[in-house]
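Inspection log for the structure reproduced underneath, given as C-alpha cells.
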Amino acid sequence: MHELTVPLQGASYPILIGEGLLEDSARWGPLMGAEAVLVTHPGVENLYARPLAEALGPACRGCYVLPDGEQHKTLEDLNGLYTWLLEQELGRGATFVAVGGGVVGDMTGFAAATYMRGVDFVQVPTTLLAQVDASVGGKTGVNHPLGKNMIGAFWQPKAVLIDPITLRSLPEREMRAGVAEVIKYGLIDDAEFFEWLEDHLEEVLALETEALTYAIKTSCASKARIVAADERERTGARALLNLGHTFAHAIETEQGYAQWCHGEAVACGLVLAADLSVRMGWLEVQAAERIQALVDRAGLPTRLPEELGVEQLRAHMRHDKKNVGGRQRFILMHAIGQAEVTDQVDERLLSATLAGVR
Ligand code: NAD
Ligand code: GLY
C-alpha cells in the first residue's frame with residue numbers, strides 16, 4: 001500500500017493507493033465518519049458502491065445513484081441529490097463518499113461544499129482519469145450550457161482511496177482516456193516520466209500491477225505537489241494542470257458534452273497545445289511529434305473533428321476561466337517537461353493551429 005499526502009495548510013489529507021484497498025475496511029473505515037452516504041453511477045453501484053455500503057454497515061445512511069454521463073453534470077441533476085439528502089434528514093455531521101469517475105467526484109464534492117454550507121467528503125475514484133487527476137485537489141462543480149465546470153467550488157476531500165483493481169471493469173475507451181491526463185504530467189514538468197511512459201504505455205493499458213501503480217502514484221504525487229503550491233489557482237502554478245484543457249473544454253462545450261469523453265478531448269488538446277507551441281517558436285517540431293506519437297499510440301484522438309468550426313471554438317475559449325482582464329491565457333511548452341502559462345498568444349497562430357490540426 002502506498003500513502004501520499006496532499007500537504008495543505010490545516011487541511012492535509014491522505015491519498016491511499018493499493019490493489020485490494022477497498023476490501024480493507026479496517027484501513028479506510030475510520031476515514032468515513034460516523035454517518036456516510038455514498039454517491040455513485042449506475043454502472044458502478046453494484047460493483048463498488050454496494051460492497052462499500054455493506055462494509056460500512058449501519059454507518060452507511062444510503063446510496064444515491066446519479067444519472068450517468070457528462071451531459072448530466074448539471075445543477076439540475078445535482079438538485080435531485082440535494083432533495084434526497086434532505087429527505088434522509090442528513091445533518092452537517094455526514095460524510096459524502098463519491099464512488100465513481102470524475103463526474104461523480106466533481107458533483108459529490110460540489111454537493112459536499114454546498115449542502116448545509118459544507119460537509120466532509122471522501123473520494124473513491126474508479127476511473128483512471130479520476131484516480132490520477134479529478135479526485136485530488138478539491139476542484140468540484142458542474143457544467144453550464146455556456147461553459148464547462150463554470151459553476152463550482154474549491155472543497156478538499158478528507159481522503160482519496162485508490163484501488164487500481166477497480167480499473168479491471170472499466171471500458172477500454174475510458175482507460176485510454178485516463179492516459180491523456182497521465183501524459184499531461186510528463187509534459188508539465190517531468191520529462192523523465194514522459195520517457196518512462198513512452199517505454200511502458202502498453203503495460204499501463206494492460207493494467208499490469210507494477211506499471212499501473214507507478215503511473216498512478218507518480219501522477220498523484222505531481223498533482224499533490226502542484227496543488228499544494230497553489231491551492232486556489234492564484235499564482236499560475238496550478239494553471240499548468242490545465243495543459244491542453246483550453247482546447248479540450250472548448251471541444252466538449254461545442255459538442256454539447258456528449259461526443260468525446262473528457263480525456264479524449266484533453267488528448268487532442270495536448271496535441272493542439274504542442275502544435276501552437278511549435279508555431280510560437282517555443283517547442284521543437286521533433287518534440288511535438290513525440291507527443292503526437294504517444295497520444296496516437298494510446299489510441300486517443302490527435303486531430304480535431306472536421307465539423308467543429310474555428311470561430312465556435314474561439315468563442316468558447318474566450319469564456320475560459322483562466323483568462324484575466326480579457327486576455328486569453330494558454331499553457332504551452334518550451335520542451336517536454338517544461339510548460340508555462342502565457343497570455344502572449346498570437347491570434348493568427350491560434351487560428352492556424354485550429355484550422356491546421358484536422
Ligand atoms: P466519468 O465520470 O463520466 O466516467 C466514465 C464512465 O465510466 C462512466 O460511464 C462511469 O459510470 C463509468 N465507470 C466509472 N468507473 C467504472 C469502473 N470501474 N468500471 C466500469 N465503469 C466505470 O468520466 P471520467 O473520465 O472519470 O471523469 C471526467 C470528469 O472529470 C469530467 O467532468 C472532468 O471535467 C472531470 N475532471 C475533474 C478534475 C478535477 O480536478 N476536479 C480533473 C480532471 C477531470
Ligand atoms: N485538473 C485541473 C486542476 O485540478 O487544477
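Computed from heavy atoms alone, side chains included, the values below leave out hydrogens, waters and symmetry copies. Along the sequence shown, residues are numbered consecutively beginning with 1. In each ligand, atom 1 is the first atom listed, and ligand 1 is the first ligand listed. In this text the structure is predicted, and so the values were computed from the model without any measurement.
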Quick one, His262 and Lys148 - any side-chain contact, counting heavy atoms below 4.5 Å? yes

Less than 4.5 Å apart, any side-chain heavy atom of Tyr214 and any of His200? no

Begin with the C-alpha distance, continue with both residues' side-chain angles, and end with the deciding distance and a verdict on salt bridge (Lys or Arg N to Asp or Glu O under 4.0 Å) for Asp230 and Arg238. CA-CA 6 Å; Asp230 180 20; Arg238 185 166 182 164; over 6 Å; no

Pocket residues around ligand 1 (non-hydrogen, under 4.0 Å) come out as His41, Val44, Tyr48, Asp68, Glu70, Lys73, Gly101, Gly102, Val103, Asp106, Thr126, Thr127, Leu129, Asp133, Ala134, Lys139, Lys148, Asn149, Thr166, Ser169, Leu170, Pro171, Glu174, Glu181, Lys223, His262

Within the 6.0 Å centroid threshold, strictly below: His319 and His144: no

Could you check whether any side-chain heavy atom of Met150 comes within less than 4.5 Å of a side-chain heavy atom of Asn143, counting everything from C-beta outward? no

Check the side chains of Thr353 and Arg279 for a donor-acceptor pair under 3.5 angstrom, ignoring hydrogens and angles. yes

Taking a hydrophobic cluster as the set of Ile, Leu, Val, Met, Phe, Trp and Tyr residues connected by side-chain heavy atoms closer than 4.5 Å, whether directly or through intermediates, do Leu313 and Tyr257 fall within one such cluster? no

Suppose we call two aromatic rings close when their centres sit under 6.0 Å apart. Are Tyr185 and Phe194 close by that rule? no

Counting only heavy atoms and a distance below 4.0 Å, can you name the residues contacting ligand 2? Asp133, Lys139, Lys223, Glu233, Arg238, Leu241

Only one of Tyr115, Trp84, Tyr82, Phe110 clears ring-ring contact (aromatic ring centres under 6.0 Å, His included) with Phe96; which? Tyr115

